[in-house]
Protein chains: 2
Amino acid sequence: MNSDFSLAVHSLTLLTLLPDHMSSSDAIAESASVHPVRIRKVLSLLRKQGLIKSKEGTGGGFIFASNPSEITLREIYKITSGGSLQPKCPDVNNSCVVGANMKDVLCSIFLDAEDHLGEFLGQYSIEDVVKSLKQKQ
Amino acid sequence: MNSDFSLAVHSLTLLTLLPDHMSSSDAIAESASVHPVRIRKVLSLLRKQGLIKSKEGTGGGFIFASNPSEITLREIYKITSGGSLQPKCPDVNNSCVVGANMKDVLCSIFLDAEDHLGEFLGQYSIEDVVKSLKQKQ
DNA sequence: GACACTGTAACTATTATTATTACAGTTATT
DNA sequence: AATAACTGTAATAATAATAGTTACAGTGTC
């Protein structure tokens with residue numbers, strides 16, 4: 001899986017922990033050791049799905065649009081990495097029974113698999129992640 | 001996920017369908033539209049785990065070591081793509097509470113997730129894949 | 001108006017994946 | 001024993017995916 005998922009979870013976790021639940025891409029980027037533009041890209045996805053809001057201009061940044069206890073890893077996975085479980089298949093080869101249909105068969109199995117993964121990830125909210133983090137300390 | 005998994009499933013499916021359950025890397029590669037060396041590499045992994053056997057020299061190739069109904073997608077996933085669900089995390093950043101522990105938290109969640117995925121994939125044997133393929137025709 | 005932000009596009013660098021080449025080792029066939 | 005058809009594997013090249021960087025327009029605050 002790519003790191004968009006991790007960055008999204010990281011960002012939301014950080015926002016949850018901050019007193020005013022708000023931060024800039026620069027600050028988040030420093031915490032996550034990545035480039036600020038990458039944070040803006042990832043959080044832009046979350047914003048488009050209504051998980052967070054952003055504010056431009058001085059004193060601006062990113063802030064929750066909903067409650068950290070209501071945002072689950074499932075939603076974040078879907079937004080940032082949906083489809084990444086799907087195994088890559090070589091080109092369909094119509095001159096071969098196996099090559100012609102393998103892609104379809106695997107796709108349908110992994111669509112199901114991704115649903116199951118979604119259910120599993122739905123168990124964990126951002127708040128749960130925050131709790132786990134606090135326990136680690 | 002990388003395509004090793006798909007190639008492994010493809011190869012085993014093809015072997016199952018062939019009358020003598022045997023084939024060379026060249027023939028499998030053509031069916032899967034990839035380079036023969038790649039097939040040899042992937043099947044080498046399966047061989048090391050005892051799923052198939054290989055025979056060098058003229059008339060050689062790959063052949064099952066066990067029954068297609070006993071090999072599940074779970075084993076194949078583990079062998080070819082185990083760990084690929086794990087989201088990439090940026091470097092641990094010890095100067096930040098979140099950055100310092102996020103990796104651990106996500107790792108443990110996704111280890112569990114991969115177990116669940118394994119259980120799901122365990123439902124499907126190569127024989128099941130073959131059946132699905134035949135239905136598609 | 002100066003400053004501190006986000007939003008995005010364009011480009012570069014890095015890393016991961018795949019293909020290709022090369023060749024040693026093995027076995028069947030003649 | 002020579003040849004041909006295989007696997008095994010390393011080394012390298014090509015391609016694709018990911019991430020970093022630069023640049024700048026737009027927005028809100030002071």
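Letters go in sequence order (proteins before strands), and every chain restarts at 1.
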### Query
Can you tell me how far P of D:dC6 sits from CD of B:E30, to the nearest Å?
13 Å
### Query
Applying ring pair (Phe, Tyr, Trp, His ring centres under 6.0 Å), which residue pairs with at least one partner in residues 50-107 of chain A are found, sequence neighbours left out?
none
### Query
To the nearest Å, how far apart are B:R38 CZ and D:dT9 P?
17 Å
### Task
Could you check how far CD1 of B:I39 sits from C1' of C:dA19, rounded to whole Å?
12 Å
#### Entry: Connected-component partners of A:V92 among ILVMFWY, side-chain separation under 4.5 Å
none
#### Entry: Nearest-angstrom distance from the residue atom CE of B:M1 to P of D:dT18
14 Å
#### Entry: B:I79 with B:I63, same ILVMFWY side-chain cluster at under 4.5 Å
no
### Task
Could you name each residue pair satisfying ring pair (Phe, Tyr, Trp, His ring centres under 6.0 Å) that touches residues 82-125 of chain A, not counting sequence neighbours?
A:F110-B:F5, A:H116-B:F120, A:F120-A:Y124, A:F120-B:H116
## Note on the structure
Under a 4.0 Å heavy-atom criterion, the protein footprint on nucleotides 3-15 of chain C, written with B, S and -, is BBBBBBBB-----
### Nearest-Å distance for atom pair CZ/P, residues A:F5 and D:dA19
14 Å
### Query
Separation of B:D4 atom CG from C:dA19 atom C1', in whole Å?
13 Å
List, with names and distances, any nitrogen or oxygen atoms from the protein found under 3.5 Å away from nitrogen or oxygen atoms belonging to nucleotides 15-17 of chain D.
none

### Query
Does the side-chain contact (heavy atoms from CB on, under 4.5 Å) test come out yes or no for A:I76 and A:I126, once each step is laid out?
CA-CA 10 Å; A:I76 301 172; A:I126 288 297; 3.6 Å; yes
For residues 14-33 of chain A, run the donor-acceptor check on the side chains, cut-off 3.5 Å, and write out each pair with its distance to 0.1 Å, sequence neighbours left out.
from, atom 1, to, atom 2, distance (Å)
A:T16, OG1, A:L12, O, 2.8
A:D20, OD1, A:M22, N, 3.3
A:H21, ND1, A:L15, O, 3.0
A:H21, ND1, A:T16, O, 3.1
A:H21, ND1, A:L18, O, 3.1
A:S24, OG, A:A27, N, 3.3
A:S25, OG, A:R40, NH1, 3.2
A:S31, OG, A:H10, NE2, 2.6

### Query
Once you round it to whole Å, what is the distance between C1' of D:dT18 and NE2 of A:H35?
15 Å
